[in-house]
Protein chains: 2
Amino acid sequence: MPRAGLTTERVVAAAADLADEVGFENVTVSALARRFGVKDASLYSHVRNLGDLRTRIAFLAGGEMIDRIAAAVAGRAGKDALAAFADAYRAYALEHPGRYAATQIRIDQALVAESPALRRTAEITYGMLRAYGLTEPDLTDAVRLLRSTFHGYCALEATGAFAAPRDVRRSWDRAIDALHVSLTHWPPEEEPHD
Amino acid sequence: MPRAGLTTERVVAAAADLADEVGFENVTVSALARRFGVKDASLYSHVRNLGDLRTRIAFLAGGEMIDRIAAAVAGRAGKDALAAFADAYRAYALEHPGRYAATQIRIDQALVAESPALRRTAEITYGMLRAYGLTEPDLTDAVRLLRSTFHGYCALEATGAFAAPRDVRRSWDRAIDALHVSLTHWPPEEEPHD
DNA sequence: GGCTGCTTCCTAGATCTCCTAGGTTTCTGC
DNA sequence: GCAGAAACCTAGGAGATCTAGGAAGCAGCC
């Protein structure tokens with residue numbers, strides 16, 4: 001019998017495709033084995049367990065995503081860069097819902113710290129904000145605001161939470177406009193009252 | 001042997017508590033039955049299946065959440081109302097992570113339409129924005145922006161995605177400030193270019 | 001070619017999950 | 001005190017994760 005030629009990389013890539021097709025939470029070792037025409041026990045030579053498989057999908061997706069964002073942002077600054085970042089972010093989330101969902105799982109902080117992709121993501125995000133002239137801690141606050149809005153919008157859109165008869169793409173553009181306004185008129189921090 | 005006294009309501013309430021303790025995705029019919037000291041098959045008299053149980057948790061949580069938000073917003077307007085809404089939203093999400101996660105599942109649109117809690121949520125959200133003087137379609141765009149930011153922030157915070165050494169509560173307050181700025185300087189819609 | 005050894009893949013099985021079908025037992029209302 | 005309606009049970013199928021240990025394909029080396 002010829003072998004399927006499994007490797008960790010190929011298994012994870014197939015798992016990511018599977019996630020996009022059936023949803024991240026429906027990625028199962030058995031289904032993945034079926035896809036390769038192999039018994040499920042065979043996959044445990046390449047992946048420690050289901051949790052390991054999931055985090056590997058997450059890192060794969062995180063790398064792919066930041067590559068696309070970086071390419072979109074390159075050579076732009078200010079609102080131009082913001083819009084390019086945002087559009088690349090949302091495009092990836094819509095094209096690869098399963099992969100995108102993987103990027104939202106809780107991951108061991110030690111693994112995160114030594115991930116080149118996540119470091120690169122932070123660099124590019126902070127770099128994109130440079131034109132707005134913010135300094136710490138405003139910079140971190142602004143990054144958190146952007147991440148929240150981007151992720152929240154994509155998550156809600158993906159679950160069909162935007163039911164109103166208004167084009168979802170238009171609302172997205174307006175959200176970017178609004179964020180740009182916030183960043184250019186970044187409010188000074190008030191002393192915490194009472 | 002005395003009976004456990006199960007009803008659909010009690011089952012769902014216990015499931016919601018379980019979700020807050022072990023995470024929404026770890027809510028299982030078996031674990032719930034164990035909690036009641038009952039065989040898992042017994043629960044299927046009160047709940048159709050796991051999916052039904054999950055959506056019931058979602059509606060329970062959605063109702064609780066909007067009640068707390070409504071109480072917080074009552075009698076306030078403008079930025080005051082915005083901050084009260086946001087803080088009540090985040091407080092609920094942090095206190096009840098399992099319940100909150102339930103509110104984010106995909107739910108049949110027909111069920112959503114006839115849900116009083118969700119209708120109330122829409123009313124209160126749109127009402128809170130009244131002071132900003134927006135009209136459609138800007139109003140819907142603004143609501144989508146707020147929902148996205150609130151949900152995204154809580155989701156990212158819950159998964160430990162905010163690792164930087166900056167107080168998470170402070171960043172939240174700044175995000176609200178920034179949203180207020182956006183709403184008061186809501187940008188006019190540009191004609192879609194090219 | 002043939003041998004050695006690593007890697008790949010398998011069989012077998014324990015344990016957990018969801019869910020159905022149909023039977024008993026407890027409680028409630030008359 | 002006795003129907004009838006719940007509540008709860010046993011039994012069992014299907015499918016999931018994961019382990020332990022065995023067999024079979026594919027290198028490189030003589």
Side-chain angles (χ1 to χ4, degrees), chain A residues 1-60 98-99 101-102 104-108 111, chain B residues 1-60 98-99 101-102 104-108 111:
Chain A
M1 199 195 317
R3 307 229 142 166
L6 300 186
T7 75
T8 301
E9 267 187 19
R10 243 174 277 189
V11 167
V12 173
D17 290 343
L18 183 61
D20 285 336
E21 292 168 27
V22 304
F24 179 66
E25 68 283 3
N26 295 120
V27 170
T28 187
V29 178
S30 317
L32 195 54
R34 267 193 295 273
R35 172 156 301 206
F36 279 113
V38 140
K39 298 295 172 184
D40 43 344
S42 306
L43 296 185
Y44 288 90
S45 316
H46 306 96
V47 151
R48 199 165 27 240
N49 51 34
L50 183 59
D52 182 39
L53 177 64
R54 280 161 131 90
T55 76
R56 283 176 190 274
I57 299 175
F59 280 112
L60 171 69
R99 282 170 156 88
Q104 301 301 328
I105 62 175
R106 174 171 232 117
I107 288 184
D108 184 58
L111 283 179
Chain B
M1 199 196 315
R3 306 229 142 168
L6 300 186
T7 75
T8 301
E9 268 188 20
R10 244 175 275 190
V11 167
V12 174
D17 290 342
L18 183 62
D20 285 336
E21 291 168 29
V22 304
F24 180 65
E25 70 282 4
N26 294 119
V27 169
T28 186
V29 179
S30 316
L32 194 55
R34 268 193 296 273
R35 172 155 302 205
F36 279 114
V38 141
K39 299 294 171 186
D40 43 344
S42 306
L43 296 184
Y44 287 90
S45 316
H46 306 96
V47 152
R48 202 171 18 244
N49 52 34
L50 183 61
D52 181 40
L53 178 63
R54 280 161 132 89
T55 77
R56 283 177 190 272
I57 299 176
F59 280 113
L60 171 69
R99 282 169 156 89
Q104 302 302 328
I105 63 175
R106 174 170 231 116
I107 289 183
D108 184 58
L111 283 178

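Naming convention: chains lettered A, B, ... in sequence-line order (proteins, then strands); numbering from 1 in each chain. This one's a predicted model, so the numbers in the text were calculated from it and none came from an experiment.
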Between P of D:dA6 and CG of B:Leu43, the distance in whole Å: 18 Å
Quick note, A:Tyr44 side chain, CB onward, closest among D:dC8, D:dT17, D:dA11 is D:dT17
With five pairs defining each end axis, the helix from C:dC9-D:dG22 to C:dC30-D:dG1 comes out bent, to 10°, by 30°
Under the side chain to side chain contact (heavy atoms under 4.5 Å, CB included) criterion, do B:Leu111 and B:Asp108 qualify, and how do the steps go? CA-CA 5 Å; B:Leu111 283 178; B:Asp108 184 58; 4.3 Å; yes
Measure from CG on B:Leu18 to P on C:dT17 and round the result to the nearest Å. 11 Å
Can you tell me how far C1' of C:dC18 sits from CZ of B:Arg54, to the nearest Å? 11 Å
Rounded to the nearest Å, what distance is computed from the CG atom of residue B:Asn49 to the P atom of nucleotide C:dT17? 17 Å
When A:Ala31 and A:Arg48 are each assigned the nearest nucleotide of DNA chain D, the 5'-most assignment goes to A:Ala31
Tell me the interatomic distance from B:Leu32, atom CG, to C:dT17, atom P, rounded to whole angstroms. 12 Å
Do the side chains of A:Glu25 and A:Arg54 get close enough for a salt bridge, i.e. N-O under 4.0 angstrom? no
So, with a heavy-atom separation below 4.0 Å from DNA chain C, the residues of residues 20-29 of chain A are none
Of the options D:dA16, D:dC9, C:dC19, whose atoms approach the side-chain atoms of A:Arg34 most closely? D:dA16
How many whole angstroms separate atom CZ of A:Arg10 from atom P of C:dT7? 16 Å
Of the nucleotides C:dC9, D:dA11, D:dC8, which has the atom closest to the B:Ser45 side chain? D:dC8
Among C:dC19, C:dC10, D:dT17, the one nearest A:Asp40 by side-chain distance: D:dT17
Ion pair present between A:Asp17 and A:Arg99, side-chain N to carboxylate O less than 4.0 angstrom? yes
Check the pair B:Phe24 / B:Ile105 against side chain to side chain contact (heavy atoms under 4.5 Å, CB included), numbers first and verdict last. CA-CA 10 Å; B:Phe24 180 65; B:Ile105 63 175; 3.5 Å; yes
The nucleotide from C:dT8, C:dC18, C:dC10 with an atom nearest the side chain of B:Leu50 is C:dC18
Report the distance from atom NZ of B:Lys39 to atom P of D:dG12, rounded to the nearest whole Å. 15 Å
Within-4.5 Å side-chain heavy-atom neighbours: A:Asp40 and A:Arg34: no
Comparing nearest nucleotides in DNA chain D, the 5'-proximal residue of the pair B:Leu6, A:Ser30 is B:Leu6
Which nucleotide, D:dT17, C:dC18, C:dT20, lies nearest any side-chain atom of B:Ala41? C:dT20
Lys/Arg-Asp/Glu bridge criterion (N-O < 4.0 Å) met for B:Glu21, B:Arg35: yes
Quick one, B:Val12 and B:Phe59 - any side-chain contact, counting heavy atoms below 4.5 Å? no
Tell me, do B:Asn49 and B:Val29 make a side-chain contact under 4.5 Å, heavy atoms counted? no
When rounded to the nearest 0.5 angstrom, what is the spacing between CZ in B:Arg10 and NE2 in B:His46? 9.5 Å
Using a cut-off of strictly less than 4.0 Å, decide whether B:Ser42 has a side-chain nitrogen or oxygen near OP1 or OP2 of D:dA7. no
Verify side chain to side chain contact (heavy atoms under 4.5 Å, CB included) between A:Val11 and A:Leu53, making sure each step is shown before the conclusion. CA-CA 9 Å; A:Val11 167; A:Leu53 177 64; 4.3 Å; yes
